[in-house]
Amino acid sequence: MIELKDLTFSYTSKPLINGVCERFEDGTLTAIIGENGSGKSTLLKLISGEEKPQAGSVLIDGKYMSTLKRKDAAKLLSGFPQGREIPDMNSLELVSLGRYSYLPLSPVTPKEEENIALSALRYVGAERFAHVSLKKMSYGERQRVYLAMQIAQGSQNMLLDEPISFLDISAQFEVMNILTSLRNEGKCIVCILHDIPLAMRYADSMLLMKNGNIIARGTPNELYEGGMIEEAFGISLERIELGDSTSFVPMPKKL
């Protein structure tokens, strides 16, 4: 579980994150949406400890993030950041880095550590890339490997900043299905998504941000009924019932 208490942050005199209070429960997948510059990525950086708030607190499983050592924090929380450089290593080596918080005093043998990394690659359907250089892989293949590294880390709480960006449509569904499986296993998953239909299809709850504030929260249906997404993005949303599932299609705003 992740809890935010009156979180405030700014790069200048104007707050970028303004007194945010929120709780993300175990066994839920929360999508954060909002226009560019609304504070989404900054909020994730504050949760992960990459940025320090001017005021307020972040609690991970009831523990104040500001008091945790790096390795202790990594056992509770994993991150999937944007804009990573491609390291000169293969997939198995990268995923094994997710285990650093347990070393050098890991309770399992080196072979068991390797098996944990291989199991994470298998979970995301990337075991065949175990000994392939990351530099020889496509962007989408690398995305899977980075997700496997998070899984190998074993943290209860997972942060993901645009995990499906630049992926083919089929790969987007595959990644979201993986996140759903992790949610079903009890993980607390918080991710930034720009694809509103996918966010509304997969998320249990959604946060809509604007100017550093959470201006709406609730289930996809609640945000749709309230009209806040349409207002924030200047679009129209059409709800389509397809058998047992509901889809939302963004349309140009009606004049």
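Only this structure's heavy atoms are used, side chains among them; waters, hydrogens and symmetry mates stay out. Just so it is clear, the model here is predicted, and its values are computed rather than measured.
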Completion exercise
Looking only at heavy atoms, the pair that brings Asn157 and Met1 closest together is OD1-N, 2.9 Å
Practice task
Any chance you could measure Cys188, atom SG, to Asp26, atom CG, to the nearest 0.5 Å?
Solution key: 6.0 Å
Completion exercise
Heavy-atom nearest pair, Tyr100 first then Ala74, reads OH-CB, 3.4 Å
Practice task
Name the orientation class of the two ring planes belonging to Phe248 and Tyr224 (parallel below 30°, tilted from 30 to 60°, perpendicular beyond 60°).
Solution key: tilted
Problem - Side-chain (Gln150) to main-chain (Leu77) donor-acceptor, under 3.5 angstrom - result: no
Problem - Distance, nearest 0.5 Å, that separates CD of Glu238 from CD1 of Ile240 - result: 7.5 Å
Practice task
May I ask you to decide if Ser138's main-chain N or O and Glu141's side chain share a donor-acceptor pair within less than 3.5 Å?
Solution key: yes
Problem - Closest non-hydrogen atom pair, Phe80 against Leu147 - result: CE1-N, 3.7 Å
Problem - Neighbour count above 12 (heavy atom, 6.0 Å) for Glu25 CD - result: yes
Handout entry: Side-chain donor or acceptor of Ser181 paired with backbone N/O of Asn177 under 3.5 Å
Key = yes
Problem - Closest approach of Arg239 to Thr246 (non-hydrogen atoms, all atoms of both residues) - result: CG-CG2, 3.4 Å
Problem - Pairing residues for Ala199 by the side-chain contact (heavy atoms from CB on, under 4.5 Å) criterion, not counting sequence neighbours - result: Ala31, Ile33, Leu193, Met206
Problem - Gap between atom CG of Leu43 and atom CD1 of Ile192 - 0.5 Å precision - result: 7.5 Å
Exercise for the section: Using atom types as modelled and distance alone, determine if a side-chain donor or acceptor of Asn18 lies under 3.5 Å from a backbone N or O of Gly212. Expected result: no
Practice task
Using the six-membered ring wherever Trp is involved, compare the ring planes of Tyr202 and Phe173 and label them parallel, tilted or perpendicular (cut-offs 30° and 60°).
Solution key: tilted
Handout entry: Non-hydrogen atoms of Ile189 and Arg183 that approach each other most closely
Key = CD1-N, 3.7 Å
Handout entry: Electrostatic pair Glu127:Arg122 at N-O distance under 4.0 angstrom
Key = yes
Exercise for the section: Examine distances only and state if a side-chain atom of Arg99 and a backbone atom of Ala152 form a donor-acceptor pair shorter than 3.5 Å. Expected result: yes
Completion exercise
OG of Ser91 to CE of Met137, rounded to nearest 0.5 Å, is 3.5 Å
Practice task
Please check if the side chain of Lys52 supplies one atom and the backbone of Ser66 the other of a donor-acceptor pair under 3.5 Å.
Solution key: no
Handout entry: Asn213 side chain to Asn211 backbone, donor-acceptor under 3.5 Å
Key = yes
Problem - Flag, side chain of Gln172 to backbone of Leu167, donor-acceptor distance under 3.5 Å - result: yes
Handout entry: Lys/Arg-Asp/Glu bridge criterion (N-O < 4.0 Å) met for Glu22, Arg217
Key = yes
Exercise for the section: Could you tell me whether the side chain of Ser133 and the main chain of Asn90 form a donor-acceptor pair under 3.5 Å? Expected result: no
